Amino acid sequence: MRFFIIVFFSFIQLFALNTPFDIYKKDTNPTQHTLLIIGGIHGDEPGGYFAPAVLEKYYKIKSGNLWIIPNLNVDSIMANNRGIYGDMNRKFNVIDKNDNDLLTVNRIKEIILDKRVDLILNLHDGFGFYRNIYEDANFNPNAWGQATIIDQEKIDDKFGNLDEIAKQVNKMVNNEGLYQDFHTFGVKNTQTKQKDEQMQQSLTFFAVTHNKPAFAIETSKNITELTYKVIYQLKSMEEFMKIMNIEFERDFDLNNYEEVKSRIYDFGKIKINDNISLDLSDLKNNLRFVPLKKEGNKFDFTHTLSKVKYNDNKYEIYVGNIKVCDLYPQIFEVANTEDKIKILVDNKELETSFGNQIDIKNDFKILKSDLRVNIIGFSKDGLDNEDEILIKRSDIQDIYSIDNNKTKYRAEFYKDGKFYGMIVLNFLKD
Ligand SMILES: [Zn+2]
């Protein structure tokens with residue numbers, strides 16, 4: 001009996017390795033400075049990973065180089081947990097060879113030590129509001145929020161004046177306009193080498209002891225509005241880029257709350273097996289009978305924080321720590337096809353391929369092909385194939401919509417028991 005228990009546990013451990021993180025390199029000139037941004041070392045600190053996701057998607061680098069890892073601790077982000085395999089930020093000095101974070105930690109160490117990397121930022125949301133003198137339980141020297149963290153005053157490097165640089169960054173961020181006066185940033189020097197044994201295990205201390213300038217940026221966990229945190233993180237990162245002569249462009253106003261918010265919550269799309277495509281921003285939180293393969297389904301995303309986890313007979317779709325949808329599969333053989341479908345949309349004939357969405361004002365009719373059509377939520381007695389029927393929105397039961405606004409519906413195509421693909425029917429609002 002004992003033998004079986006041991007085997008069972010080592011089996012779990014073997015397959016519980018943290019999901020590999022992603023790295024995005026915005027290189028313009030390898031001889032110029034390179035800033036490495038690391039988000040998501042702690043899975044329950046969304047400011048620390050949604051900010052680099054916005055940076056990756058909406059910033060264009062004009063000179064210098066920016067490397068972005070938005071999701072270091074992938075499994076913990078999906079679980080909205082500081083560290084489901086323990087605190088990853090305490091594994092950079094000593095790590096057990098069976099640790100589930102071992103590959104992640106080794107891989108990020110290698111990137112930190114890459115000779116092209118000039119400076120490293122590790123992004124967090126921390127408790128309270130850092131102040132250098134005690135004010136109360138939330139505002140005091142033991143708090144971590146709204147602070148730029150350094151391990152020591154300086155190291156010997158061109159960006160080695162850690163204290164000076166951190167002060168300069170904070171000054172700019174504080175002067176640029178805070179949402180509340182008490183959101184002001186300070187420099188917290190943990191004096192890691194002398195005073196903080198815990199932090200001697202941290203990512204930034206690993207970097208600093210290898211003579212790489214490193215800082216942590218901490219927005220406050222006590223600020224519950226994600227948009228504020230993302231704005232503060234981005235402002236800090238922008239100041240570091242300016243100090244490093246990394247020129248950038250963005251297509252929005254960082255002081256405009258709504259513009260930033262709409263970018264944070266644009267979750268993009270998921271494409272499945274190249275024949276289904278769904279908008280994640282307005283998707284319902286569960287979809288049933290989605291035609292998928294038994295195994296080996298391919299999921300592609302446009303958002304850097306999107307991941308899928310198979311759990312309890314369903315696919316869970318995440319953007320960061322936000323579970324967007326539970327997708328319940330219905331198993332089919334899936335055909336690989338470039339077939340085009342002809343549809344009459346508002347009296348005009350058009351041709352489209354699987355995985356597309358078509359916009360409809362009034363009505364549509366899917367024209368005859370050798371495929372069987374199933375429009376989910378539409379039914380007419382005695383009909384198995386729903387092509388060659390003029391259909392308007394009121395002909396489809398709206399509980400079958402795939403979006404919360406009840407405007408998008410599924411048309412699915414089959415032949416000989418195989419699933420060929422889906423087209424999303426999007427009824428435009430009047
Ligand atoms: Zn943290």
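Note that the structure is a prediction, hence the values are computed from the model and not measured. Counting convention: from 1, in listed order, for ligands and their atoms alike.
- Residue H42 approaches the Zn ion (ligand 1) most closely through its N/O/S atom ND1.
- The atom of H124 that is an N, O or S and sits closest to the Zn ion (ligand 1) is ND1.
- A cation-pi geometry, defined here as NZ or CZ lying under 6.0 Å from the six-membered ring centre and within 45° of its normal, holds between K188 and W144.
- N29 and T31 are linked by a side-chain donor-acceptor pair at a separation below 3.5 angstrom, with hydrogens and angles left out of the test.
- For the Zn ion (ligand 1), the set of nearby N, O or S atoms under 2.8 Å includes one belonging to E45.
- Contact of the F413 side chain with the I366 side chain is registered, since non-hydrogen atoms from C-beta on lie closer than 4.5 Å.
- Under a cutoff of 6.0 Å and an axis angle of 45°, R288 and Y328 form a cation-pi pair.
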